[in-house]
*Asks:* 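Just dropping this structure here.
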Amino acid sequence: MKSFGKIQQLLFNQELFMLSLEQALDYILETPPADSMKNIETLSLEQAHNRVCAQNVISPINVPSFDNSAMDGYAVRLKDLTQSMTLPIAGKSFAGNPFTDQWQPLSVVRIMTGAMIPEGTDAVVMQEDVTVNEDGSVTFNTLPKINQNIRRVGEDVKQGDVVVKCGQFLNQFSLPLLASLGIPQVQVFPRLKVAVLSTGDELVPVGQPLKEGQIYDTNRFAVKLMLEKMNCEILDFGILPDREAEFEAAFIDAQKQADLVITSGGVSVGEADFTKAVLEKVGKINFWKLAIKPGKPFAFGKLEHAWFCGLPGNPVSALVTFYQLVQPVIARLSGVAKYQRPMQFPALAAKNLKKAVGRLDFQRGFYQINAQGQPEVHPVGFQGSHMFSSFMQSNCFIVLERERGNVCAGEKIGRASC
Ligand code: AMP
Ligand code: MG
């Protein structure tokens with residue numbers, strides 16, 4: 001783990017120092033894979049979908065494994081065409097049914113896309129560029145270039161190439177690539193076990209009536225959906241009441257069963273906020289204050305057997321911090337070698353945006369290409385961190401730099417994150 005500079009450490013200890021998102025990410029991206037990742041599994045390609053590859057996969061074959069045609073047309077020898085531009089057809093080569101006869105000089109072979117190139121062929125001329133005569137011969141309008149429309153052995157993948165690396169995600173691109181090489185199985189890391197719990201006396205699970213002062217538990221559901229998307233194994237620890245002893249017992253229990261424990265709420269400095277104190281007591285805090293909005297109180301640390309992410313209670317903050325911070329934590333713990341951050345695009349502000357200097361803002365926005373062909377972002381809904389409905393009209397976060405103040409319509413936004 002990276003260590004802070006002396007001054008930063010001092011400020012951090014005094015809780016005056018807010019880590020930037022970049023510093024937090026540097027920290028997170030040094031997290032080693034979870035211990036459970038040592039239990040490598042061998043799965044069929046179908047079963048391996050959305051897993052992380054645990055081996056360097058080497059291609060057993062060349063792709064293409066034989067020279068073949070990229071077009072429907074005629075396989076030719078250039079030497080023949082220099083003698084006559086009109087030649088008879090000696091036979092056919094179709095995909096799966098190659099031309100096997102003796103190829104006579106001064107003739108061509110009818111060939112289809114994907115069909116094996118007859119030996120000695122220099123080029124394939126597409127059928128649109130020839131005239132087929134009544135006597136069955138073919139007249140070429142122009143002389144083709146050497147190798148034209150021929151896909152050569154190994155030009156896509158060479159035998160012995162590493163095609164998928166250890167730590168790469170197995171998805172709709174990498175798995176069909178393995179299938180195209182005839183590889184039936186692949187070694188993968190196990191699914192990450194993640195314990196999820198919400199904290200707060202006010203929380204009620206969906207399906208029960210609300211009493212005065214109570215609210216429904218949004219975060220546990222939102223977090224579970226995000227975890228499902230990331231193919232984690234979810235251990236649902238329900239809702240914790242605001243009592244320190246209950247926090248302690250639940251954290252200890254959860255970390256025995258999981259690789260990562262994710263809580264929400266109770267991470268700030270209120271009288272009923274026990275997350276940080278309990279994490280310090282039964283584990284270790286790496287950082288807990290970030291200069292981002294929403295999401296300032298976010299705790300990252302380690303319990304005896306599991307890593308720990310404490311999300312803020314406000315649902316928008318919980319989701320923003322999950323998106324920006326927990327996703328890379330999960331990627332690293334799951335064995336992903338190179339984490340791809342959410343994509344970001346430059347855009348213009350379509351309207352004035354309110355922004356206070358000091359924290360990196362993630363405002364909910366709508367990204368589109370305007371009538372002038374320029375990318376622009378509109379702020380949508382209410383921006384309060386308790387106002388989850390703002391997500392309904394948004395398709396991106398408007399990312400506003402820490403040092404920036406209010407933004408006027410027409411100003412450049414460095415990044416919109418989709
Ligand atoms: P806390 O950090 O525990 O003080 O919570 C901050 C705000 O988020 C409070 O208004 C809580 O009621 C709310 N909150 C905390 N947890 C959840 C949750 N799981 N679902 C919805 N709102 C929550
Ligand atoms: Mg609370």
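These numbers come from the heavy atoms of this one structure, side chains and all, not from hydrogens, waters or symmetry mates. Just follow the structure's listing: the first ligand is 1, and inside any ligand the first atom is 1. The residues of the chain are indexed from 1 along the displayed sequence.
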*Asks:* Side-chain donor-acceptor pair under 3.5 Å between Asn147 and Lys145, yes or no?
*Replies:* no
*Asks:* Looking only at heavy atoms of Gly200, does any of them come nearer than 4.0 Å to an atom of ligand 1?
*Replies:* no
*Asks:* N/O of Gly313 under 3.5 Å from N/O of ligand 1, yes or no?
*Replies:* yes
*Asks:* For a quick test of reading the model, state the closest non-hydrogen atom pair linking Ala24 to Leu325 and the distance between them.
*Replies:* CB-CD2, 3.9 Å
*Asks:* Identify the closest protein heavy atom to atom 20 (N) of ligand 1: which residue and atom is it, and at what distance?
*Replies:* Thr218 N, 3.0 Å
*Asks:* Please state which protein non-hydrogen atom is closest to atom 22 (N) of ligand 1 and give its distance, to 0.1 Å?
*Replies:* Ile215 CD1, 3.4 Å
*Asks:* Tell me, which protein residue and heavy-atom name are nearest atom 18 (C) of ligand 1, and how many Å apart are they?
*Replies:* Asn219 ND2, 3.3 Å
*Asks:* Between Arg110 and Tyr74, is NZ or CZ placed under 6.0 angstrom from the six-membered ring centre and within 45° of the ring axis?
*Replies:* yes
*Asks:* Can you list the ligand 1 atoms lying under 4.0 Å from a non-hydrogen atom of Tyr216?
*Replies:* 20 (N), 21 (C)
*Asks:* Does any donor atom in the side chain of Glu376 or Asn370 lie under 3.5 Å from an acceptor atom in the other side chain?
*Replies:* yes
*Asks:* List every atom of ligand 1 that sits less than 4.0 Å from any heavy atom of Pro315, numbering the atoms from 1 in the order shown and giving each element.
*Replies:* 21 (C), 22 (N)
*Asks:* Side chains of Ser36 and Asn39 only: does a donor on one sit below 3.5 Å from an acceptor on the other?
*Replies:* no
*Asks:* Could you check whether Thr113 and Asp72, counting side-chain N and O atoms only, form a donor-acceptor pair closer than 3.5 Å?
*Replies:* yes
*Asks:* Should you measure from each heavy atom of Asp217, which atoms of ligand 1 turn up under 4.0 Å away?
*Replies:* 18 (C), 19 (N), 20 (N)
*Asks:* What do you reckon, does Arg220 have a nitrogen or oxygen under 3.5 Å from a nitrogen or oxygen of ligand 1?
*Replies:* no
*Asks:* Testing the basics here: between Phe362 and Pro294, what is the closest heavy-atom pair and its distance to 0.1 Å?
*Replies:* O-CD, 3.6 Å
*Asks:* For Ser198, which part has a heavy atom under 4.0 Å from ligand 1: side chain, backbone, both, or neither?
*Replies:* side chain
*Asks:* Which ligand 1 atoms does Asn314 reach within 4.0 Å, using its non-hydrogen atoms?
*Replies:* 6 (C), 7 (C), 8 (O)
*Asks:* Return the orientation label for the Phe345 and Tyr367 ring planes: parallel under 30°, perpendicular over 60°, tilted otherwise.
*Replies:* tilted
*Asks:* Considering heavy atoms of the protein only, find what lies nearest to atom 4 (O) of ligand 1 and give residue, atom and distance to 0.1 Å.
*Replies:* Asp273 OD1, 3.8 Å
*Asks:* Would you indicate whether Glu119, at its atom CD, is surrounded by more than 12 heavy atoms from other residues, nucleotides or ligands within a distance under 6.0 Å?
*Replies:* no
*Asks:* When you compare ligand 1 with Gly266, is there at least one nitrogen or oxygen pair between them that comes in under 3.5 angstrom?
*Replies:* yes
*Asks:* Using distance alone, determine whether Ser268 and ligand 1 share an N or O pair under 3.5 Å.
*Replies:* no
*Asks:* Could you identify the single nearest non-hydrogen protein atom to atom 11 (C) of ligand 1 and state the distance to 0.1 Å?
*Replies:* Glu202 OE2, 3.1 Å
*Asks:* Can the positive tip of Arg77 be found less than 6.0 Å from the middle of the six-membered ring of Trp103, inside 45° of the ring normal?
*Replies:* yes
